[in-house]
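What follows is one structure encoded as structure tokens, with my remarks underneath.
Throughout, numbering of the chain's residues begins at 1 and tracks the sequence. Counting convention: from 1, in listed order, for ligands and their atoms alike.
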Amino acid sequence: VIKDRIPKGYRIPEIDNKIRKARCKEEAKLLSDAKRAGVKTPVLYDVNLEDKAITMEEIEGVMLKEVIDDDLAFRLGGEISKLHSSDIIHGDITTSNILFSDGKLVFIDFGLGRYSQLKEDKAVDLLVLKKSLQSIDYNLALRYFDLVLKGYGDESILNAIHDIESRGRYTH
Ligand SMILES: Nc1ncnc2c1ncn2[C@@H]1O[C@H](COP(=O)(O)OP(=O)(O)O)[C@@H](O)[C@H]1O
Ligand SMILES: [Mg+2]
């Protein structure tokens, strides 16, 4: 699979070029750091900063939203916890950006990812997932999200999540 970033016409070309190059580099780094953290991600074959293109392994599988159940929700929490233990914030954990292949959860699309040690950033990462689950089914989402947090296994994240939810927004 080749993922490239097309120019944004509303930006000054020189700046647009720099931004796309930096994001491309960052996405490739996050992809390989995630693998090092023990999470399954596509194998990175090539990064072409001139074309702003990442070439990676094609994962044959289905989107998590098509197959999610209690067990997968719990396992998903464990995988996210591995990312967060390495201070990797995925940035867009949705049930379309996680594939299910060969009995495993595979994380793709680190295009909005970054690094952070902050509990609050990790909580926001999880809340993006909660929102995505709610687009499948509101009541199931609450159960799945509880299981995700069980699998995540760090009770101290709960306070951060409740703080953000009580502020009623995901960013600060
Ligand atoms: N390595 C891959 N293997 C299989 N399918 C992929 C892979 N990377 C991306 N895709 C498919 O392409 C879609 C878009 O890629 P993604 O990285 O999520 O880009 P975007 O930032 O545009 O959302 C994904 O939702 C997925 O269906
Ligand atoms: Mg995507």
Side-chain angles (χ1 to χ4, degrees), residues 1-11 13 15-69 71-73 75-84 86-116 121-138 140-141 144-145 148 151-152 164 169-171:
V1 173
I2 298 177
K3 178 169 181 178
D4 58 2
R5 302 187 123 74
I6 53 169
K8 301 253 198 266
Y10 54 80
R11 286 185 195 138
I15 293 175
D16 182 65
N17 211 40
K18 274 194 185 148
I19 292 174
R20 286 185 299 125
K21 197 179 271 188
R23 284 310 311 172
C24 180
K25 205 168 158 184
E26 184 82 340
E27 181 166 0
K29 185 172 190 304
L30 286 157
L31 207 56
S32 50
D33 283 346
K35 193 176 283 301
R36 214 164 297 135
V39 168
K40 191 154 168 44
T41 57
V43 175
L44 189 60
Y45 293 142
D46 185 56
V47 186
N48 185 326
L49 293 181
E50 276 325 297
D51 298 343
K52 285 82 181 167
I54 293 173
T55 308
M56 65 186 134
E57 171 191 10
E58 176 171 10
I59 303 297
E60 309 266 3
V62 295
M63 291 180 190
L64 179 60
K65 67 177 167 197
E66 296 171 47
V67 291
I68 190 164
D69 61 11
D71 174 56
L72 287 178
R75 282 170 56 191
L76 175 58
E79 297 306 304
I80 297 171
S81 149
K82 289 181 199 167
L83 291 178
H84 287 183
S86 294
D87 293 332
I88 296 170
I89 309 298
H90 181 281
D92 196 17
I93 309 180
T94 65
T95 51
S96 311
N97 283 335
I98 298 157
L99 304 180
F100 185 65
S101 165
D102 225 356
K104 293 199 176 88
L105 296 167
V106 186
F107 283 68
I108 59 167
D109 196 0
F110 286 79
L112 295 174
R114 61 206 174 84
Y115 297 87
S116 169
D121 291 333
K122 295 173 182 176
V124 169
D125 216 20
L126 285 160
L127 282 169
V128 170
L129 170 65
K130 184 178 184 185
K131 209 164 178 190
S132 160
L133 289 170
Q134 286 171 345
S135 70
I136 305 176
D137 178 293
Y138 189 83
L140 267 181
Y144 289 153
F145 193 62
V148 167
Y152 189 82
I164 295 161
R169 55 199 166 106
Y170 292 169
T171 48

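Under the 4.0 angstrom criterion, atom 12 (O) of ligand 1 counts as lacking any protein heavy-atom contact. Within a 4.0 Å radius of atom 23 (O) of ligand 1, the protein has at least one heavy atom. Of the protein's heavy atoms, at least one falls inside 4.0 Å of atom 4 (C) of ligand 1. Atom 15 (O) of ligand 1 is not flagged as protein-proximal [any protein heavy atom, distance under 4.0 Å].
Between Phe110 and His90, the ring-plane angle classifies as tilted under the 30° and 60° cut-offs.
At the top of the distance list for atom 1 (N) of ligand 1, counting protein heavy atoms only, stands Glu57 O, 2.9 Å. Looking only at protein heavy atoms, the nearest one to atom 19 (O) of ligand 1 is Lys3 NZ, 3.2 Å. Looking only at protein heavy atoms, the nearest one to atom 27 (O) of ligand 1 is Met63 CE, 3.9 Å. When hydrogens are left out, the protein atom nearest atom 8 (N) of ligand 1 is Met56 CE, 3.9 Å; that is the closest non-hydrogen contact. For atom 25 (O) of ligand 1, the nearest protein heavy atom (residue, atom name, distance) is Ser96 O, 3.8 Å. At the top of the distance list for atom 6 (C) of ligand 1, counting protein heavy atoms only, stands Ile108 CD1, 4.2 Å.
Here Asp109 reaches the Mg ion (ligand 2): one of its N/O/S atoms is less than 2.8 Å from the metal. At a threshold of 2.8 Å, the Mg ion (ligand 2) has no backbone or side-chain N, O or S atom of Ser96 nearer than that distance.
Side-chain atoms of Thr95 do not come within 3.5 Å of backbone N or O of Leu64 as any donor-acceptor pair. Under the 3.5 Å distance criterion, the side-chain polar atoms of Lys3 are left unmatched by any main-chain donor or acceptor of Ile54. Counting only distance, with no hydrogens or angles, the side chain of Asp125 and the backbone of Gly91 share a donor-acceptor pair below 3.5 Å.
Residue-to-ligand polar distances place Asp109 within reach of ligand 1: an N/O pair is separated by less than 3.5 Å. Looking at Pro42 next to ligand 1, no N or O pair under 3.5 Å apart turns up. Distances between N or O atoms of Glu27 and those of ligand 1 include no value under 3.5 Å.
The proximity of Asp92 to ligand 1, defined as any non-hydrogen pair under 4.0 Å, does not occur for either the backbone or the side chain. Counting heavy atoms under 4.0 Å from ligand 1, residue Val1 touches it through the side chain alone.
The CD1 atom of Ile68 sits 8.0 Å away from atom CD1 of Ile98, with the distance rounded to the nearest 0.5 Å.
Few gaps surround CD1 on Ile136; more than 12 heavy atoms of other groups in view lie less than 6.0 Å from it.
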